[in-house]
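Below is one structure; the comments refer to it alone.
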Amino acid sequence: MKSQGKGVLLRIFIGEDDEDAETGRPLYETIVRKAFEMHLAGATVLRGPMGYGKHSRLRAAKILILSTDLPIVIEIVDSEEKIDSFLPVVDELVEEGLVTMEAVRVVKYVPEDAGAPKA
Amino acid sequence: VAAVDELDARYMRGYGPLTEETARELAESLSTLKGLLRKMTDYVSGGLGQDLAARLRRLEGTRDEVSLTQELERVVTARGLVEFRQTVALLVERLESKRFEVAVFGRVSCGKSPLLNHILKQDALPVGVTPVTAVPVRIRHGNPAPATVWFADRNPEALPLAGLAEFATEQQNPANWRHVTRIEAELPAARLESGVTFVDTPGLGSLATSGAAETLAYLPRCDLGVLLVDGASRLGAEAMVVKLEGEQTLLRFYLTSFVRWQYRPLHEAIVEAARRENMAGATVLKGIMGFGAAGVVLEERAWTLGNELPVIVEVVDTAERIDAFLEKVEPMIREGMVTLERARVISYRAGGEAGEGGRSS
């Protein structure tokens, strides 16, 4: 990604218990790894302490499960083309949830000193 | 309409056999429903619209704004934007009355009433050291007739101007227990001759007054708002209630918990800088996984203490203040990403004193 200019913020709202059907690992892990493999500028996973979604009524019936299935938000910022190229992946992986996009202005994007790998 | 059509008995057979009687009942309620729908469609597309159009025609040629309002009315009617009808009606009302309302806003006891008394060249409004004005008071030109007080629960009452204090002040009408909704007074002051109406509002930001809510409710109705600031006190968070709501900017820093600035976490340094610069607020969000420009996937690991995780800092304020703040903190950002986006602030209220730190967005 260019260091400055127009960008798109992609947000994926899912549940912590949502799984990748293939590996059985948390879905957010798979999404982040895919984003990493496709060389997107970055991804951040945030866990919400509370929330509800389209299937809240269904979840409320199983109150014990509700307490662990917390909201997860995955945020990815990149150029519009890169985000667009990532959308089919999201479409395939996310079976239920919410995906939003908004316009952002990237003020600064700095890799760590010459991109040296971290310990 | 399509959904109602589907209620027809012919389409309902899928849910099981229907008796003659049920089918008849269904047909009856269906025709009632359709009638209501037709009425609603008429109302939305024409009905009231013509009334507004007629009123606008009467106003035609008075001022430039009329043609603009006419255009607005045309668009609202043509597109069936019912939700804007009230606003247009309000504008037409304003044009018809040929009045121009100038309202004075500000913190409690910053001298709104004394200022208006000075402009009017007479002591018409009650003044004092403690919060005084409890209800917005309108003053327009006219003979020194009695002031009129409107109540939520009974008929309006006329009273001499000297008796205004009984209804307009916090001392004699605390928390507006008399349920006053509106006070209007007419004065023969020369400054009011041109048709201007002055509005004195209860001060913002006092725990003792419920008046602030009245002021905020009135705010969008005035033609011109004057924000009065007391030179001796700084602009507090309460005064910013007026300032911050609306289109603002959301600034976000994407960092990790390990990025440091002068031997401490950068996100802490940014929050502290935001506080020092008196920004409206700052929020730190902790991520549980992610990767960034450094190109390493960070993850929560149960077996390590204090492992590196993504951190986001959010700051919301006006575009100018965000720009100024960004200039100050930019040298601190040596890795990570910074983005800006537009945010619409719906409400911004502080519970305590200014500077205690509000919440963003």
Side-chain angles (χ1 to χ4, degrees), chain A residues 1-12 14 16 25-49 70-79 83 100-119, chain B residues 249-261 266-267 270 283-301 304 307-315 319 322-344 361:
Chain A
M1 186 173 68
K2 278 187 298 182
S3 62
Q4 281 183 4
K6 272 191 206 163
V8 173
L9 165 60
L10 174 73
R11 286 180 143 172
I12 304 163
I14 53 172
E16 195 171 15
R25 301 281 306 157
L27 182 58
Y28 65 83
E29 273 192 31
T30 311
I31 293 172
V32 171
R33 285 187 200 288
K34 284 270 192 236
F36 185 65
E37 280 163 24
M38 289 176 71
H39 301 289
L40 284 144
T44 308
V45 181
L46 301 166
R47 183 199 282 133
L70 294 171
I72 291 283
V73 182
I74 306 160
E75 301 199 340
I76 301 175
V77 178
D78 210 315
S79 65
I83 294 289
T100 66
M101 292 211 277
E102 49 202 288
V104 294
R105 195 150 68 84
V106 179
V107 181
K108 207 162 183 173
Y109 177 71
V110 234
E112 202 192 18
D113 307 328
K118 256 178 229 182
Chain B
T249 302
L250 164 62
L251 171 68
R252 293 179 125 209
F253 299 88
Y254 290 79
L255 313 164
T256 84
S257 53
F258 277 17
V259 185
R260 294 194 168 250
W261 169 252
L266 177 57
H267 58 268
I270 290 173
T283 309
V284 178
L285 301 169
K286 274 185 167 175
I288 56 167
M289 190 187 182
F291 70 91
V296 177
V297 177
L298 309 168
E299 262 181 281
E300 236 177 3
R301 282 185 217 100
T304 50
N307 59 323
E308 185 168 15
L309 283 171
V311 169
I312 293 176
V313 186
E314 299 195 334
V315 182
I322 289 287
D323 279 348
F325 178 64
L326 202 51
E327 226 164 79
K328 288 229 165 67
V329 294
E330 217 182 327
M332 293 158 77
I333 318 294
R334 285 178 302 193
E335 60 176 285
M337 176 171 64
V338 185
T339 65
L340 288 174
E341 54 199 284
R342 271 204 304 239
R344 198 148 72 84
S361 77

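In what follows, chains are A, B, ... by sequence order, proteins preceding strands, each numbered from 1.
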### Query
Which answer fits A:E75, side chain, backbone, both or neither, if we ask what part of it has an atom under 4.5 Å from a heavy atom of chain B?
side chain

### Task
Identify which part of A:I74 has an atom lying under 4.5 Å from any heavy atom of chain B, answering side chain, backbone, both or neither.
neither

#### Entry: B:I312 portion near chain A, given a 4.5 angstrom heavy-atom threshold
side chain

### Message
Quick check: closest heavy atoms across A:V106 and B:M337, and the distance to 0.1 Å?
### Response
CG1-CG, 4.2 Å

### Query
How many angstroms lie between atom CD of A:E16 and atom CD1 of B:I288, to the nearest 0.5 angstrom?
5.5 Å

### Message
Just so I understand: if I count every heavy-atom pair under 4.5 Å between each of B:V311, B:L251, B:I333 and chain A, which residue has the most?
### Response
B:I333

### Message
Heavy-atom cut-off 4.5 Å, strictly under: side chain, backbone, both or neither for B:F253 against chain A?
### Response
neither

### Task
Report yes if some heavy atom in the side chain of A:R33 is under 4.5 Å from a heavy atom in the side chain of B:M289; otherwise report no.
yes

### Task
Test B:R252 against every option in A:L9, A:V77, A:T44, A:V107 by the side chain to side chain contact (heavy atoms under 4.5 Å, CB included) rule and name the one that passes.
A:L9

### Message
Is it true that, when you exclude B:R260 itself, more than 12 heavy atoms of the residues, nucleotides or ligands shown sit nearer than 6.0 Å to its CZ?
### Response
yes

### Message
If I compare all heavy atoms of B:E341 with all of A:E102, which pair ends up nearest, and what's the gap?
### Response
OE1-OE1, 2.6 Å

### Residue A:A103 versus chain B: region with a heavy atom under 4.5 Å
backbone

